[in-house]
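Inspection log for the structure reproduced underneath, given as structure tokens.
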Amino acid sequence: MARKSMSSFDIYSWVNTTGKQILNQRVDNAYYEGQYLLLKIKLKISDILLIEPSLRIHFSNRIKPSSEFIDKQFALLLRKHIRDQKVSSVEQIGFDRLIKISFFNNIKIFVELLPKGVVALVDEKEKIIGAT
């Protein structure tokens with residue numbers, strides 16, 4: 001039977017291998033299309049970092065951002081705060097299914113890969129700016 005979401009071990013492995021490749025890389029754009037958060041980060045392996053709260057995080061060549069956004073407000077918040085910013089760190093919080101992506105402007109994205117997970121955009125004081 002196939003798993004439906006990433007385990008803590010999967011997240012640990014992703015953060016310490018693939019996740020490290022986005023360090024010091026610039027976010028060209030951010031999209032939020034209802035169930036997916038897409039960050040356009042140019043790497044050799046792919047251009048799109050796909051984040052699906054509650055399920056997975058990985059690079060994808062299959063999913064491309066569309067011009068129509070289901071949640072325009074969150075997409076605009078993401079663009080305002082992280083577009084053209086460089087990633088300063090990617091880490092797993094504890095050994096939980098929680099990932100923190102930090103940027104050099106002190107903005108952070110928290111991604112829950114738990115059932116009914118959310119993505120939260122927080123400022124330097126860890127105050128929530130917006131969430132899914």
Side-chain angles (χ1 to χ4, degrees):
M1 177 184 217
R3 291 182 300 169
K4 295 189 186 227
S5 67
M6 294 175 79
S7 69
S8 293
F9 291 108
D10 295 331
I11 293 166
Y12 176 82
S13 177
W14 185 88
V15 165
N16 289 295
T17 56
T18 310
K20 298 297 182 193
Q21 294 180 28
I22 65 172
L23 295 179
N24 296 313
Q25 298 299 317
R26 185 173 60 88
V27 176
D28 290 333
N29 214 340
Y31 306 90
Y32 184 67
E33 299 185 355
Q35 62 186 2
Y36 301 118
L37 168 63
L38 305 172
L39 299 180
K40 189 169 184 180
I41 303 172
K42 291 186 180 166
L43 292 177
K44 290 180 182 178
I45 56 174
S46 177
D47 285 351
I48 300 294
L49 175 61
L50 179 134
I51 301 169
E52 188 173 359
S54 78
L55 294 180
R56 59 193 170 146
I57 181 170
H58 61 87
F59 283 94
S60 176
N61 290 326
R62 293 178 147 201
I63 296 179
K64 300 294 181 198
S66 68
S67 59
E68 207 160 303
F69 305 109
I70 295 171
D71 187 343
K72 293 181 181 180
Q73 290 298 90
F74 192 61
L76 292 173
L77 277 174
L78 287 168
R79 288 176 176 186
K80 177 181 177 184
H81 293 284
I82 67 169
R83 182 192 275 173
D84 294 327
Q85 296 298 318
K86 288 188 176 184
V87 176
S88 63
S89 70
V90 178
E91 56 191 286
Q92 181 179 17
I93 306 298
F95 196 62
D96 292 326
R97 293 190 292 166
L98 182 63
I99 298 170
K100 178 172 75 170
I101 302 172
S102 302
F103 299 90
F104 282 107
N105 64 349
N106 294 320
I107 298 294
K108 299 168 193 78
I109 295 176
F110 286 91
V111 179
E112 285 185 328
L113 296 177
L114 302 165
K116 298 183 182 177
V118 300
V119 175
L121 183 67
V122 300
D123 64 13
E124 63 276 351
K125 296 177 185 174
E126 307 246 334
K127 180 180 174 190
I128 297 174
I129 299 169
T132 58

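Residue numbers start at 1 and run along the sequence shown.
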Checklist entry - What distance separates Thr18 OG1 from His58 NE2, expressed to the nearest 0.5 Å? => result 11.0 Å
Item to check | ILVMFWY network linking Leu98 to Ile57, side-chain heavy atoms under 4.5 angstrom | outcome: no
Next on the checklist: How long is the straight-line distance from CD1 of Ile129 back to CD1 of Ile109, given to the nearest 0.5 Å?
Outcome noted: 10.0 Å
Checklist entry - Is the CZ atom of Phe95 crowded by more than 12 outside heavy atoms at less than 6.0 Å? => result yes
Item to check | Residue that, paired with Leu78, satisfies side chain to side chain contact (heavy atoms under 4.5 Å, CB included) out of Val27, Ile107, Leu37 | outcome: Leu37
Item to check | Side chain Gln92, main chain Asp96, donor-acceptor under 3.5 Å | outcome: yes
Item to check | Arg56 side chain vs Met6 backbone, donor-acceptor pair below 3.5 Å | outcome: no
Item to check | Residue pair Phe110 / Val118, side-chain heavy-atom distance below 4.5 Å | outcome: no
Item to check | Worked verdict on Phe103 versus Val87 for side chain to side chain contact (heavy atoms under 4.5 Å, CB included) | outcome: CA-CA 4 Å; Phe103 299 90; Val87 176; 3.8 Å; yes
Checklist entry - In the single-linkage hydrophobic clustering (I, L, V, M, F, W, Y; side-chain heavy atoms under 4.5 Å), do Leu77 and Ile51 co-cluster? => result yes
Checklist entry - Is atom NZ of Lys100 surrounded by more than 12 heavy atoms (other residues, nucleotides or ligands) closer than 6.0 Å? => result yes
Checklist entry - Could you state the interatomic distance from CD (Glu52) to CG (Leu113), rounded to the nearest 0.5 Å? => result 9.5 Å
Next on the checklist: Show the nearest heavy-atom pair for residues Leu114 and Ser54, with the distance to one decimal.
Outcome noted: O-CB, 2.7 Å
Next on the checklist: Give me the atom names and distance for the closest heavy-atom approach of Phe74 to Val119.
Outcome noted: CZ-O, 3.9 Å
Item to check | Nearest-0.5 Å distance that lies between atom CG in Asp84 and atom NE2 in His81 | outcome: 14.0 Å
Checklist entry - Taking atom types as modelled, is there a side-chain donor on Ser7 or Asp10 under 3.5 Å from an acceptor on the other? => result yes
Item to check | Backbone N/O of Ile82 and side chain of Asn105: donor-acceptor pair under 3.5 Å | outcome: no
Checklist entry - Quick one: does Ser60's side chain have a donor or acceptor within less than 3.5 Å of a partner on Ile48's backbone? => result no
Checklist outcome for this item: When rounded to the nearest 0.5 Å, the distance separating CZ of Arg79 from CD of Gln85 is 15.0 Å
Item to check | Joint cluster assignment, Val122 & Val111, ILVMFWY side-chain distance < 4.5 Å | outcome: no
Checklist entry - Is there a side-chain contact between Pro53 and Glu112 (heavy atoms, below 4.5 Å)? => result no
Checklist entry - So, does Ser88 use its side chain to make a donor-acceptor pair with the main chain of Ser102 at under 3.5 Å? => result yes
Item to check | Hphob cluster co-occupancy, Leu23 + Leu39, side-chain heavy atoms under 4.5 angstrom | outcome: yes
Checklist entry - When rounded to the nearest 0.5 angstrom, what distance separates OH in Tyr12 from OG1 in Thr17? => result 10.0 Å
Next on the checklist: Can you confirm whether Lys42 is buried at NZ, in the sense that more than 12 heavy atoms of other residues, nucleotides or ligands lie under 6.0 Å from that atom?
Outcome noted: no
Checklist entry - Any chain of hydrophobic side-chain contacts (each under 4.5 Å) joining Val90 to Leu43? => result yes
Item to check | All salt bridge (Lys or Arg N to Asp or Glu O under 4.0 Å) counterparts of Lys108, not counting sequence neighbours | outcome: Glu126
